[in-house]
Q: 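Supplied in C-alpha cells, the structure appears directly below.
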Amino acid sequence: RPRYNAIIGSLCREGKVRLAFGLQNEMVEKGIRPNISTYNALMNGLCKLGHVEGANELLKDIVEIGLYPNSATYNTLMGGHCKRGEMEKALGLAYTMVKSGVQPNLITCNILMNGLCKGGKMEEAKKLLIEMWDQHKLPDLVTSTILIHGYCTYGNMQEALELWYEMLRRGVVPDTFAYNVLINGFCLDGNMRYSSKLYGQIIKTGLTPDIITYNTLIDGFCRESDFQEACRIYDGMLNAGLVPD
RNA sequence: GCCCUGUUUUAGA
C-alpha cells in the first residue's frame, strides 16, 4: 500500500489526477484498501487543478467509508481554498478542523500564512505570526520564506531584510530556496548589488545556486539593461553544469 | 523511502 500511495502521490503532484484515480481503482481490485494518505494525495491532485469541490466530495466519501480525516486532509483542502483566494473558507476549515479534534500544525499555519501574503494581507499575516508564537508554533524556514516573499512582492525590502536577519538570529538556516526569494526581491527592487552579494553568500555558505537562482539574476540584470552582466551570469550557469531551461 | 506548506520568467483583455 505505501508503494501505491507513493506513486499516487507523485502523479497527483504532477497533475495526473486521472491516472492516479486509475491506480486507486487498481488497488481496490487487488484487495488493498486505500487509506487516509491515499485519499489525501487524490484530494491534493484535485486541489492543484483547482477542483476544490471535487476534493470536498472526496472528503465526504472518506467519512462515509469510516476513515478519519487527519491534519494533512484539512491542510490540503485549506491550501486549495487559499490558492483561489478564498481565505474565509480556509479559515472556516481551520475551525472545523479543531472542532473535529484534529490539531492544526505548523504546516496549517504556513498554508494560511501563504494565503494571506499572496492576497496582500500583510497585516493579517503579521497577526498570524504573533498568534503562532502564542500557540508555541515556532515559525520555521518555510514560514519565514513565505513572509519574506510577501514583503518582497510588495516592495518592502527593509521589512523583508529585518525578517531575514531575525530568522538567522533564531538559528534558522536558509536554503537555496530562501536565498532565491530574497535575491528576487532585490532584483525587483533594482538592487543588483545586493542580489549579487547574496549570490556570493550562497556559495560561501556551501550551498549550491540552482537554475532558479541563475534565472532570477539574469532577469534582474536584463531589467536593468545590464546585458553584459546577464551574459556573465549565464556563462557562470553553464560552467556550473546547469542546463538552461 | 505512504499524504499536506515556501522561490524565477508569462503578451492581450
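So that the names make sense, note that chain A is the first sequence line, chain B the second, and so on, each numbered from 1.
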Q: To the side chain of A:T76, which of B:C3, B:C2, B:C4 is closest?
A: B:C4

Q: Taking the side chain of A:R13 as its heavy atoms from C-beta onward, which of B:C3, B:U9, B:G6 lies nearest to it?
A: B:C3

Q: If you check every side-chain atom of A:T145, which of B:U5, B:G6, B:C2 has the closest atom?
A: B:G6

Q: Counting side-chain heavy atoms from C-beta on, which of B:C4, B:G6, B:U7 comes nearest to A:L141?
A: B:G6

Q: Could you tell me how far apart A:N44 (CG) and B:C2 (P) are, to the nearest whole angstrom?
A: 16 Å

Q: Over all strands shown, is A:S37 touching base, sugar-phosphate only, or nothing at heavy-atom distances under 4.0 angstrom?
A: base

Q: Using whole Å, what does the distance between atom C1' of nucleotide B:G6 and atom OH of A:Y179 come to?
A: 16 Å

Q: Restricting to non-hydrogen atoms, name the atom on A:P139 and the atom on A:M132 that form the minimum distance, rounded to 0.1 Å.
A: CA-CE, 4.1 Å

Q: Measure from the side chain of A:N184, starting at C-beta and using heavy atoms only, and say which of B:C2, B:U9, B:G6 lies closest.
A: B:U9

Q: Is there a donor-acceptor contact under 3.5 Å from the side chain of A:R84 to the main chain of A:G50?
A: yes

Q: Which one, B:U8, B:U7, B:U5, comes nearest to the side chain of A:N180?
A: B:U7

Q: Side-chain heavy atoms nearer than 4.5 Å, only ILVMFWY residues, links allowed to pass through others: does that put A:Y165 and A:F186 together?
A: yes

Q: Can you figure out which of B:C4, B:U9, B:U5 approaches the side chain of A:V142 most closely?
A: B:U5

Q: When you measure from the side chain of A:I111, which nucleotide among B:C3, B:G6, B:C4 comes out closest?
A: B:C4

Q: Measure from the side-chain heavy atoms of A:I146 and tell me the nearest of B:C2, B:U8, B:U5.
A: B:U5

Q: Can A:E57 and A:K60 be counted as an ion pair, charged N to O under 4.0 angstrom?
A: no

Q: Please report, rounded to the nearest Å, how far the C1' atom of B:U9 is from the CG atom of A:D219.
A: 6 Å

Q: If you look at every strand shown and take non-hydrogen atoms under 4.0 Å, does A:D245 touch a base, only sugar-phosphate, or nothing?
A: nothing

Q: A:D175 near the nucleic acid: base, sugar-phosphate alone, or nothing, with a heavy-atom cut-off under 4.0 Å?
A: base

Q: Checking all strands, does A:K48 fall into the base, sugar-phosphate, or nothing category for heavy-atom contacts under 4.0 angstrom?
A: sugar-phosphate

Q: Could you please name the option among B:C2, B:U7, B:U9 that lies closest to any side-chain atom of A:P2?
A: B:C2

Q: So does A:R170 pair up with A:E166, basic N to acidic O under 4.0 Å?
A: yes

